[in-house]
Amino acid sequence: MATRHLYVVRHGAADAFGELTDIGRRQTELLAERLAHLPVDAVWHSALPRAVRSARIIGEHLRGVPVREAAELIDHVPHVPAQAPPAWAGFFDGYDPAEAAEGERLADALTGRFARPAESETHEVLVTHAYQVAWLVRHALDAPRSRWLTMSCGNAAMTAIEYYDGAAPALLLYNDMSHLPPDLRWTGFGPGVRP
């Protein structure tokens with residue numbers, strides 16, 4: 001039975017213009033050193049600069065591994081719930097039905113391409129964004145679509161999911177930042193206690 005091993009990672013910390021910061025580059029270098037110990041076949045990334053640069057840094061540590069863009073990894077809101085939780089109500093202000101439908105289409109394209117078994121054993125790195133990491137985890141757990149809202153993902157954190165024929169996906173790691181020193185572990189989503 002062929003297994004698809006996905007190492008889903010969020011890009012390193014970025015500035016307001018979407019470019020990696022010095023901290024983001026350091027986070028990504030440490031992540032790349034960790035990934036270099038795995039038998040990676042391909043690195044896929046979204047088209048946004050912070051993901052492109054993170055993927056290139058990873059690719060520099062994985063000699064000979066192709067680094068390619070995948071449109072399905074683009075940053076977007078994957079699902080707008082009919083009744084948003086009160087804490088999220090303001091976030092969804094202004095999302096019209098067409099925009100919400102496009103987000104759902106993109107989310108389904110993401111899972112349709114990557115969240116399934118492969119024809120042969122593969123190890124792929126997906127360099128993407130927090131919402132897409134949450135969406136893939138939600139999908140692997142077969143959780144309700146709105147469940148992605150409560151999953152936070154750290155910069156340069158790693159999530160590992162395996163897909164098999166005839167079996168449910170296996171979530172091996174979620175938001176693992178053990179390759180980062182404590183001062184580089186965070187989500188970038190506001191203040192709070194750093195675990």
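- Residue L171 holds its CG atom at 13.0 Å from NE2 of H139, rounded to the nearest 0.5 Å.
- For residues 32-47, the pairs satisfying salt bridge (charged side-chain N to carboxylate O under 4.0 Å, His left out) are R34-D176, with sequence neighbours left out.
- The SG atom of C153 lies 15.5 Å from the CH2 atom of W135; values are rounded to the nearest 0.5 Å.
- Of all heavy-atom pairs spanning V127 and A51, the tightest one is CG1-O, 3.6 Å.
- Residues A118 and A2 share a closest heavy-atom pair of O-CB, 3.6 Å.
- Side-chain atoms of R50 never come within 3.5 Å of backbone atoms of E19 as a donor-acceptor pair (strictly under, hydrogens ignored).
- Contacts of W44 classified as side-chain hydrogen bond (donor to acceptor under 3.5 Å, both in side chains), with partners at least two apart in sequence or in another chain: E124.
- In terms of hydrophobic clustering, with Ile, Leu, Val, Met, Phe, Trp and Tyr side chains grouped at heavy-atom distances under 4.5 Å, L141 and L6 are assigned to a common cluster.
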Query raised in the report: Given the rule in the side chain to side chain contact (heavy atoms under 4.5 Å, CB included) test, do E102 and H76 qualify, once you have shown the distances and angles that lead to the verdict?
Result: CA-CA 9 Å; E102 177 62 8; H76 71 280; over 6 Å; no
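- Judged by distance alone, with hydrogens and angles left aside, the side-chain atoms of N175 form a donor-acceptor pair with the main-chain N or O of G154 at under 3.5 Å.
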Query raised in the report: Does the pair R68 and V43 meet the rule for a side chain to side chain contact (heavy atoms under 4.5 Å, CB included), with working shown?
Result: CA-CA 6 Å; R68 297 187 181 114; V43 176; over 6 Å; no
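- There is a path of hydrophobic side-chain contacts, each under 4.5 Å, that joins V77 to W88.
- Here the straight-line distance linking atom CG of L31 with atom OH of Y7 works out to 12.5 Å at 0.5 Å rounding.
- Nearest heavy atoms, L30 versus P181: CD1-CD, 3.6 Å.
- Taking the salt bridge (charged side-chain N to carboxylate O under 4.0 Å, His left out) definition, one finds that R116 meets it with nothing, sequence neighbours left out.
- Note on residues 143-157: pairs passing salt bridge (charged side-chain N to carboxylate O under 4.0 Å, His left out), not counting sequence neighbours, are E104-R145, D108-R145.
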Ignoring hydrogens and angles, write down the donor-acceptor pairs under 3.5 Å from the side chains of residues 55-65, residues two or more places apart or on other chains.
| residue | atom | partner | partner atom | Å |
| --- | --- | --- | --- | --- |
| H61 | ND1 | I57 | O | 3.1 |
| R63 | NH1 | E60 | O | 3.2 |

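- The main-chain N or O of T21 is never found under 3.5 Å from a side-chain atom of D15 such that the two would form a donor-acceptor pair.
- Looking at every heavy atom in both residues, V133 comes nearest to R10 through CG2-N, 4.3 Å.
- Hydrophobic cluster membership for F17: none, as no Ile, Leu, Val, Met, Phe, Trp or Tyr side chain comes under 4.5 Å of it.
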Using distance only, find each side-chain donor-acceptor pair of residues 89-100 under 3.5 Å and give its atom names and separation, not counting sequence neighbours.
| residue | atom | partner | partner atom | Å |
| --- | --- | --- | --- | --- |
| D96 | OD1 | A98 | N | 3.1 |
| D96 | OD1 | E99 | N | 2.7 |

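- In this structure, L106 and P78 have side chains that are not in contact, with every pair of non-hydrogen atoms separated by 4.5 Å or more.
- Under the rule for a ring-ring contact (aromatic ring centres under 6.0 Å, His included), the partners of H5 that lie at least two apart in sequence or sit in another chain are H123.
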Query - Candidate pair M151 and Y131, rule side chain to side chain contact (heavy atoms under 4.5 Å, CB included), full reasoning - result: CA-CA 8 Å; M151 294 182 210; Y131 298 164; over 6 Å; no
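- Atom NE2 in H79 sits 5.5 Å away from atom OG in S146 (nearest 0.5 Å).
- Of all the heavy atoms in F114 and Y163, the pair that sits closest is O-CE1, 4.0 Å.
- Once rounded to the nearest 0.5 Å, the distance linking CG of L136 with OG1 of T128 reads 7.5 Å.
- In this structure, R138 contributes its side chain and A143 its backbone to a donor-acceptor pair below 3.5 Å.
- Note that CG of D183 and CZ of R26 are 10.0 Å apart. Values are rounded to the nearest 0.5 Å.
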Report task. Please test I161 against L172 for side chain to side chain contact (heavy atoms under 4.5 Å, CB included), starting from the C-alpha separation and ending with a verdict. Result -> CA-CA 6 Å; I161 307 170; L172 305 177; over 6 Å; no
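- Side-chain atoms of H179 do not come within 3.5 Å of backbone N or O of A157 as any donor-acceptor pair.
- A donor-acceptor contact under 3.5 angstrom links the side chains of H129 and S46, judged on distance only.
- Using a 4.5 Å heavy-atom threshold, the side chains of P117 and T3 count as separate.
- Under the rule for a side-chain hydrogen bond (donor to acceptor under 3.5 Å, both in side chains), T111 has no partner lying at least two apart in sequence or in another chain.
- Each of M158 and L126 belongs to its own hydrophobic cluster when Ile, Leu, Val, Met, Phe, Trp and Tyr are linked at side-chain heavy-atom distances under 4.5 angstrom.
- The cluster map of Ile, Leu, Val, Met, Phe, Trp and Tyr, joined by side-chain heavy atoms under 4.5 Å apart, puts V40 and L173 in the same cluster.
- A donor-acceptor contact closer than 3.5 angstrom is absent between the side chains of Q27 and H11.
- Counting heavy atoms from C-beta outward, D75 and Q132 have side chains that approach closer than 4.5 Å.
- The salt bridge (charged side-chain N to carboxylate O under 4.0 Å, His left out) test applied to E69 returns no partner, not counting sequence neighbours.
- Qualifying side-chain hydrogen bond (donor to acceptor under 3.5 Å, both in side chains) partners for R113, counting only residues two or more places apart in sequence or in other chains: E72.
- Around the CD1 atom of I23, the shell of radius 6.0 Å holds no more than 12 heavy atoms that belong to other residues, nucleotides or ligands.
- Pairing each heavy atom of A47 with each of V52, the nearest pair is O-CG2, 3.6 Å.
- Residues meeting the side-chain hydrogen bond (donor to acceptor under 3.5 Å, both in side chains) test with R53, sequence neighbours left out: none.
- Clustering ILVMFWY residues whenever any of their side-chain heavy atoms sit less than 4.5 angstrom apart, transitively, puts V9 in the very cluster that holds L38.
- Under the 3.5 Å distance criterion, the side-chain polar atoms of E162 are left unmatched by any main-chain donor or acceptor of P169.
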